[in-house]
Amino acid sequence: MIDLFKVLSDIRPNVAEHIRDTAHQVDGEFHISKSTERFDYALDFWRCYYTDTAYVPVSPKIDEATELFLIEQLTLNLWDDTLIVFPTSGTIGNQTDDRGQDGQFKLVCHGYDSIEWGVDRIIKLYEYDEKDVMYCCELPNSIATFLFTIPAMVSGVHGHVNKFDPNKVDSKFNIIPMTPKMLEMSDGKVDFNNMTTMVGGDPVEKEHVDIWKNQGGGLFWHNYGFTECIMPLLVGRNSEWLDPHDDVQVRINDDGFLEVKSPGLFQGYLGFDRFEDDWFTTNDLFRTEIDEKTHLSKGYKFIKSVKSGVHHI
């Protein structure tokens with residue numbers, strides 16, 4: 001595994017010094033990170049990583065009752081070697097729906113090993129270097145920080161942390177996260193200037209790829225991942241069909257659900273026993289495409305997510 005802070009110190013010594021100087025802000029067993037400033041989430045992660053503090057990113061809209069409940073669960077259930085606790089599946093929001101449809105939290109825990117492995121593999125997967133420019137979106141209740149910002153910071157990439165406006169692109173971005181919604185923002189006149197783009201977990205159809213290509217878009221990376229695993233499990237280049245990344249094994253069970261085995265898998269759900277099985281069954285339905293000539297699999301395609309069968313506190 002790579003020591004992320006050591007790499008950061010070598011590449012961005014001024015940033016590392018600032019993190020050391022402000023590390024006292026998070027020192028403790030865990031730190032709940034919430035801010036209206038997007039980049040604060042990334043800085044809080046580094047402070048937690050540096051001080052062996054569990055990093056817990058939440059929405060700034062979290063209400064007092066929900067936050068107190070979260071603190072209680074962290075105090076009672078946190079594992080000593082946990083680095084990150086992600087409240088997922090829309091469980092952080094307003095009072096009416098902040099604990100999901102069943103009135104409870106889903107809290108995913110990651111240790112140092114899965115985070116370090118994931119960031120290292122993401123950097124290699126997308127071949128980041130110091131000449132790249134990346135648009136970074138910081139979403140507190142997601143793993144966006146580890147798909148975009150942290151890899152950018154430890155590989156020397158230049159970054160932009162703001163809302164993407166295709167009409168105000170002033171440089172040739174090398175990597176940007178793309179979603180169907182982002183493409184719909186375009187009026188059809190924007191030249192994407194051969195940018196490379198990355199798509200998250202949203203289902204992407206051919207029409208979105210066509211919009212991208214017809215407006216000068218370059219390499220189209222389609223990836224699939226989830227919060228229980230810190231990096232994309234399935235990746236496709238210029239394709240809606242996805243193949244497993246190195247070190248990731250996938251299979252579809254008899255019920256059509258995707259199952260995965262990866263060093264980047266989580267420790268488990270807070271309040272339950274650690275996840276120790278080799279294979280983790282997702283709540284996502286996938287299908288495979290078979291090449292008519294070779295009769296071999298061309299990849300996997302996401303169908304839909306089924307909201308059931310997930311452990312909750």
Side-chain angles (χ1 to χ4, degrees), residues 19 22-116 118 138-146 149-150 225-230 264-277 280-283 305 307-313:
I19 291 166
T22 58
H24 64 276
Q25 297 177 11
V26 302
D27 195 18
E29 186 178 4
F30 58 84
H31 173 70
I32 296 178
S33 180
K34 56 178 180 176
S35 174
T36 56
E37 299 296 327
R38 292 171 178 242
F39 197 62
D40 284 351
Y41 289 100
L43 289 178
D44 274 355
F45 163 76
W46 284 113
R47 295 178 185 120
C48 290
Y49 184 88
Y50 181 69
T51 59
D52 292 329
T53 302
Y55 166 73
V56 190
V58 300
S59 166
K61 298 179 181 179
I62 185 173
D63 61 71
E64 183 178 1
T66 303
E67 186 170 0
L68 289 173
F69 178 80
L70 177 58
I71 291 172
E72 177 187 33
Q73 297 305 318
L74 290 165
T75 303
L76 293 174
N77 297 300
L78 190 66
W79 294 309
D80 291 339
D81 55 344
T82 299
L83 174 57
I84 290 176
V85 179
F86 281 118
T88 67
S89 301
T91 55
I92 294 297
N94 58 46
Q95 181 65 35
T96 58
D97 60 9
D98 55 15
R99 297 182 189 175
Q101 293 181 346
D102 56 3
Q104 296 176 326
F105 270 118
K106 175 185 173 187
L107 298 165
V108 171
C109 299
H110 277 279
Y112 286 81
D113 51 354
S114 59
I115 298 296
E116 291 167 347
E138 289 315 323
L139 306 176
N141 196 26
S142 76
I143 59 172
T145 303
F146 304 96
T149 314
I150 301 305
F226 48 85
T227 314
E228 283 83 353
C229 188
I230 207 62
L265 281 175
F266 68 146
Q267 295 175 333
Y269 296 107
L270 193 69
F272 285 77
D273 293 336
R274 285 177 182 258
F275 172 74
E276 296 180 349
D277 295 334
F280 174 72
T281 302
T282 71
N283 292 316
S305 179
K307 294 182 178 181
S308 63
V310 179
H311 296 305
H312 290 74
I313 284 180

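From Ile19, atom CD1 reaches atom CG of Asp44 across 10.0 Å, with rounding to the nearest 0.5 Å. Ile71 CD1 to Glu64 CD: the interatomic distance, rounded to the nearest 0.5 Å, is 9.5 Å. Between the CG atom of Leu107 and the OG1 atom of Thr227 there is a distance of 11.5 Å, given to the nearest 0.5 Å. To the nearest 0.5 Å, the span separating CG on Asp113 from CG on Leu265 amounts to 10.5 Å. Summarising the geometry, atom CZ belonging to Phe45 is positioned 6.0 Å from atom CD1 belonging to Ile115; distances are rounded to the nearest 0.5 Å. Going from atom CD1 of Ile32 over to atom CG of Leu70 covers 4.5 Å, rounded to the nearest 0.5 Å.
The closest side-chain heavy-atom distance from Arg47 to Tyr50 is not below 4.5 Å. Between Tyr269 and Glu228, some side-chain heavy-atom pair lies under the 4.5 Å cut-off. Residues Thr22 and Leu43 fail the side-chain proximity criterion, which asks for heavy atoms closer than 4.5 Å.
In this structure Ser114 satisfies the side-chain contact (heavy atoms from CB on, under 4.5 Å) test together with His110, sequence neighbours excluded. Not counting sequence neighbours, Phe30 has no partner by the ring pair (Phe, Tyr, Trp, His ring centres under 6.0 Å) test. Asp52 pairs by the side chain to side chain donor-acceptor pair (under 3.5 Å) definition with Tyr112, not counting sequence neighbours. In terms of the salt bridge (charged side-chain N to carboxylate O under 4.0 Å, His left out) criterion, residue partners of Asp81 (sequence neighbours excluded) are, by chain and number, Arg274. The ring pair (Phe, Tyr, Trp, His ring centres under 6.0 Å) check on Phe275 picks up Phe266, Phe280, with sequence neighbours excluded. Residues passing the side chain to side chain donor-acceptor pair (under 3.5 Å) test with Thr53, sequence neighbours excluded: Thr51.
Panel note: side chain Tyr49, backbone Leu83; no donor-acceptor pair is recorded below 3.5 Å. The closest donor-acceptor contact from the side chain of Tyr41 to the backbone of Val58 lies under 3.5 Å.
Heavy-atom minimum distance, Asp40 versus Ser33: O-OG, 4.4 Å. Ser35 and Pro60 make their closest contact through O-CG, 3.5 Å (heavy atoms, listed as atom of the first residue, atom of the second, distance). For Trp79 against Asp273, the heavy-atom pair with the smallest separation is CZ2-C, 4.1 Å. When all heavy atoms are compared, the tightest approach of Cys48 to Ala54 is SG-O, 4.1 Å.
Residue pairs meeting the salt bridge (charged side-chain N to carboxylate O under 4.0 Å, His left out) criterion with at least one partner in residues 25-34, sequence neighbours excluded, are Lys34-Glu67.
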Should Ile84 and Phe146 be marked as a side chain to side chain contact (heavy atoms under 4.5 Å, CB included) after you check the CA-CA gap, both sets of side-chain angles, and the distance that decides it?
-> CA-CA 11 Å; Ile84 290 176; Phe146 304 96; 3.1 Å; yes
